[in-house]
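The structure appears below as structure tokens.
Scope of the values below: all heavy atoms of this structure, side chains included, with no hydrogens, waters or symmetry mates. Because the structure is predicted, anything quoted here is derived from the model rather than measured.
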Amino acid sequence: MASVPLSSPFQSLTHFKINPNSVYSSPSMAFFVPSVKSSLGSSKSAFLQHGFSLQLATSSGFFSKARSFCVSARAATEKSIHEYTVKDIDGKDVPLSKFKGKALLIVNVASKCGLTSSNYTELSHLYEKYKTQGFEILAFPCNQFGGQEPGSNPEIKNFACTRYKAEFPIFDKVDVNGPNTAPVYQFLKSSAGGFLGDLIKWNFEKFLVDKNGKVVERYPPTTSPFQIEKDIQKLVAA
């Protein structure tokens, strides 16, 4: 599948609030339904300006898949991130239940990305400002985007903690897409679909999780941490 440029005019569709009570809470559904209006009863594909097309099935087939998707998404939202255990950068098991009662910003990080310097700098600033107010940043290194996180765990830890003075938790390098996707990212993506469904698009995509372990916001890689500050303030005050 061709990649979608980060400057895409549809980028805003990846930042949305989750409403688990709505069967159309997925931005994918919000985008596809209008497209079907002119294609019901056919199998023509709707071409998107990003250079790829999405095959639309007949009306009955489409809505059958839509119902199946909504049921799966609703089941996912019934879970909590606190049910998962991950490994930290030193290989130790960390039950995410230890973060109950805290707002979380979860980010897939990389050391050699064009977004690295600004994101690590702003993340460190936000962590220092809100860490005593019930806020945590969970960073998951990932090497799936341009091979921009090639180092070992000790190298990643040294880079983040030495160059950017990162004090927030950094975890084991993981896959966030594909057959080996880490379970915690399966949960995050199923709770908050993006423009490409559940695909993480690049380094530094962000998920905001409330104190009960539910995903409430998803932001594209080009959304800076400082742009999220007001949302963080609301969650820590809740």
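- Across every non-hydrogen atom of I156 and G151, the tightest pair is CD1-O, 3.7 Å.
- Between F145 and W202, the angle of the ring planes lies from 30° to 60°, which puts this pair in the tilted group.
- For the pair L208 and I232, the minimum side-chain heavy-atom distance is below 4.5 Å.
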CA sep, side-chain torsions, deciding dist, call: D231, L235, side-chain contact (heavy atoms from CB on, under 4.5 Å) = CA-CA 6 Å; D231 294 337; L235 281 191; over 6 Å; no
Evaluate side-chain contact (heavy atoms from CB on, under 4.5 Å) for D175 paired with Q144, printing each intermediate quantity in order.
-> CA-CA 7 Å; D175 281 0; Q144 290 186 292; 3.6 Å; yes
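- For the 3.5 Å distance criterion, the side chains of Q186 and T181 fail to qualify, holding no donor opposite an acceptor.
- Residue K157 qualifies as open at atom NZ: its count of foreign heavy atoms under 6.0 Å is 12 or below.
- Closest of all the heavy-atom pairs between A110 and C142 is CB-O, 4.3 Å.
- Other residues, nucleotides and ligands contribute over 12 non-hydrogen atoms within 6.0 Å of the NZ atom of K131.
- Put simply, the side chain of N119 gets close to the backbone of L115: a donor and an acceptor are under 3.5 Å apart.
- A side-chain donor from one of Q148 and N203 sits under 3.5 Å from a side-chain acceptor of the other.
- Taking the six-membered ring for Trp and thresholds of 30 and 60 degrees, F226 and H125 have ring planes more than 60 degrees apart, a perpendicular arrangement.
- To the nearest 0.5 Å, atoms CD1 (I228) and CG (L105) are separated by 5.0 Å.
- Considering OG of S224 and OH of Y219, their distance stands at 11.0 Å, rounded to 0.5 Å.
- When only modelled atom types and interatomic distance are considered, K189 and N177 share a side-chain donor-acceptor pair under 3.5 Å.
- In terms of modelled atom types and a separation under 3.5 Å, the side chain of E149 and the main chain of S111 share a donor-acceptor contact.
- How far CD of E205 is from OG1 of T222: 9.5 Å, rounded to the nearest 0.5 Å.
- Pairing each heavy atom of P169 with each of E136, the nearest pair is CD-OE1, 3.5 Å.
- Of the inter-residue distances, the one linking F171 atom CZ with D88 atom CG reads 7.0 Å to the nearest 0.5 angstrom.
- Contact annotation: the side chain of Y185 never approaches that of Y84 to less than 4.5 Å [non-hydrogen atoms, C-beta and beyond].
- Ring centroids of F159 and Y164 are separated by less than 6.0 Å, placing the two rings close together.
- Closest of all the heavy-atom pairs between F187 and G213 is CZ-O, 3.7 Å.
- Salt bridge E217/K206: absent, no basic N to carboxylate O contact under 4.0 Å.
- Under the 4.5 Å side-chain criterion, counting only non-hydrogen atoms from C-beta, F99 is in contact with L138.
- The aromatic rings of F135 and Y130 stand perpendicular to each other, their planes meeting at an angle above 60°, with 30° marking the opposite boundary.
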side-chain contact (heavy atoms from CB on, under 4.5 Å) between V94 and T85: does it pass, once the steps are laid out?
-> CA-CA 5 Å; V94 178; T85 296; 5.7 Å; no
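- K165 is not listed as a side-chain neighbour of T121, based on a closest heavy-atom distance of 4.5 Å or more.
- Annotation: side chain of F204 is in contact with side chain of T116 (closest heavy-atom distance under 4.5 Å).
- Separating the OG atom in S80 from the NZ atom in K214 is a distance of 5.5 Å, to the nearest 0.5 Å.
- L104 places a side-chain heavy atom less than 4.5 Å from the side chain of I81.
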What's the verdict on side-chain contact (heavy atoms from CB on, under 4.5 Å) for F140 and L188, showing C-alpha distance, side-chain angles and the deciding distance?
-> CA-CA 13 Å; F140 287 87; L188 291 170; over 6 Å; no
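- Between D172 and V86, every side-chain heavy-atom pair lies at or beyond the 4.5 Å cut-off.
- A 4.5 Å side-chain heavy-atom check between K87 and D93 finds at least one atom pair inside the cut-off.
- One finds the NZ atom of K79 at 9.0 Å from the OG atom of S191 (value rounded to the nearest 0.5 Å).
- With K211 contributing its side chain and V236 its backbone, the two residues share a donor-acceptor pair below 3.5 Å.
- Heavy atoms only, all atoms of each residue included: A166 and S124 are closest at CA-OG, 3.8 Å.
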